Asker: 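Have a look at this one.
Residue numbering restarts at 1 for every chain, and letters A, B, ... go by the order of the sequence lines. This one's a predicted model, so the numbers in the text were calculated from it and none came from an experiment.
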Protein chains: 2
Amino acid sequence: MTKLDRTDLKILQILQDEARITNQDLAERVSLSPSSCLQRVRRLESNGVISAYHAKVNLASVCRHVMCIATVTMKNHTREEFRAFEALINTIPEVVECVTVSGEFDFFLRIICPDMSSYLEINERLVSSVNYLVTINTHVVMNENKKFGAIDLSSLDEGG
Amino acid sequence: MTKLDRTDLKILQILQDEARITNQDLAERVSLSPSSCLQRVRRLESNGVISAYHAKVNLASVCRHVMCIATVTMKNHTREEFRAFEALINTIPEVVECVTVSGEFDFFLRIICPDMSSYLEINERLVSSVNYLVTINTHVVMNENKKFGAIDLSSLDEGG
DNA sequence: CTTGAAAAATTTAAGAA
DNA sequence: TTCTTAAATTTTTCAAG
């Protein structure tokens, strides 16, 4: 783990929300010269502190779609079945997120697909993956109240 | 809703994962001249098709933290209580995502905070918001199997 | 949409705090 | 080290076709 100083955190905070800011503007915002600002950004990139830059696309303007969140519970908690399920997930592009969790569920999935009938197909593939020893509950996203974008790094640093 | 042609979709697909690509390189990838490529990107931005550019920060390299997913069920499904809850969500930076869903739960929340004790504080604030007429179930994220980044636009267009 | 020139930004290198 | 300055390179931007 690299040590990050206050300036690095400022850079990260800005780039989280304005990833295409010019280096000159960024340098000014953090009170550095452009070259030393660039040096820090490059270091954050090569250290993996910044792992990627994403454009956020307003899907509604591209095409109709549905977003669902599915809770998944495996009947048998063997390593093999988990591995098999995770492997399957990675072959389905509509499954855009998968996390393993503690508690009554094993996974949360986020699935984005054109309509409910295509959702049902995906659901069937997921359920059949481990010989139907899997319970999936689906929740259609009706509204995105707060979207996952930037994280307030200061709320993490100072003990929330 | 703006009409998007094949080239726009290619641009969106690339920018989703490589938001800081230079316009020259982007132009080459989509077989356009730099100036007309830039024109398209600017149009996508001003139409809101591209809503933001985010740097993805590897939180583990910044500081210790926990990510939780919480399911929320309101006892009373009145508009006022929903509004109150949504308003509260927006005052808590550690709640980085909130969606309204159909099914047995009303909301899914994603919460990122320094540790479980700060999580408990946030939980208490959420529960007390509507006179404790709210049920929250917490799931600690143990592993991020597949992270939410780019969406395969072709899987949406062609009927999944 | 393309070309091509002007303006701006990025990147590199030399050297100071 | 990390920073700044300054020059060279590359990119962005805009006008004209």
Asker: Rounded to whole Å, how long is the line connecting atom CZ of R40(B) with atom P of dT13(D)?
Answerer: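 Nearest whole value for this atom pair: 17 Å.
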
Asker: When you check the side-chain N and O atoms of S154(B) and D157(B), is any donor under 3.5 Å from an acceptor?
Answerer: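 No, no side-chain donor-acceptor contact under 3.5 Å.
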
Asker: Side chains of S117(B) and D115(B): any donor to acceptor distance under 3.5 Å?
Answerer: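 Present: a donor and an acceptor within the cut-off.
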
Asker: Rounded to whole angstrom units, what separation is found between the CD atom of E28(B) and the P atom of dC1(C)?
Answerer: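 After rounding, the gap between these two atoms is 17 Å.
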
Asker: Output one letter per nucleotide in nucleotides 3-17 of chain C: B when a protein non-hydrogen atom lies under 4.0 Å from the base, S when only the sugar-phosphate is that close, - when neither is.
Answerer: B-----SBSB-----

Asker: Starting at CG of L32(A) and ending at C1' of dT4(D), how long is that distance when rounded to a whole Å?
Answerer: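 L32(A) atom CG is separated from dT4(D) atom C1' by 10 Å.
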
Asker: Is E18(B) paired with R29(B) through a side-chain N to carboxylate O contact shorter than 4.0 Å?
Answerer: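 Yes, charged N to carboxylate O under 4.0 Å.
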
Asker: Below 4.0 angstrom, which residues in residues 46-58 of chain A have at least one non-hydrogen atom near DNA chain C?
Answerer: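 Output list: empty, so none.
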
Asker: Examine F148(A) together with F148(B) and report whether their ring centres are nearer than 6.0 Å.
Answerer: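 Between F148(B) and F148(A), which both carry aromatic rings, the centre distance is not below 6.0 Å.
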
Asker: For the residue pair H77(A) and F82(A), does the interplanar ring angle fall in the parallel (under 30°), tilted (30 to 60°) or perpendicular (over 60°) class?
Answerer: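 The arrangement is perpendicular - the two ring planes meet at more than 60°.
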
Asker: Do the ring planes of F105(A) and F105(B) sit parallel (below 30°), tilted (30 to 60°) or perpendicular (above 60°)?
Answerer: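 F105(A) and F105(B): perpendicular rings.
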
Asker: Quickly work out the E45(B) CD to dT12(D) P distance and round it to whole Å.
Answerer: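 For the pair E45(B) CD and dT12(D) P, the rounded distance is 12 Å.
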
Asker: List the residues meeting side-chain hydrogen bond (donor to acceptor under 3.5 Å, both in side chains) with S31(A), not counting sequence neighbours, and say none if there are none.
Answerer: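 By the side-chain hydrogen bond (donor to acceptor under 3.5 Å, both in side chains) rule, S31(A) matches no residue at all.
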
Asker: Would a 4.5 Å heavy-atom cut-off, applied to side chains only, mark D152(B) and Q13(B) as touching?
Answerer: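 With C-beta onward as the side chain, the pair touches.
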
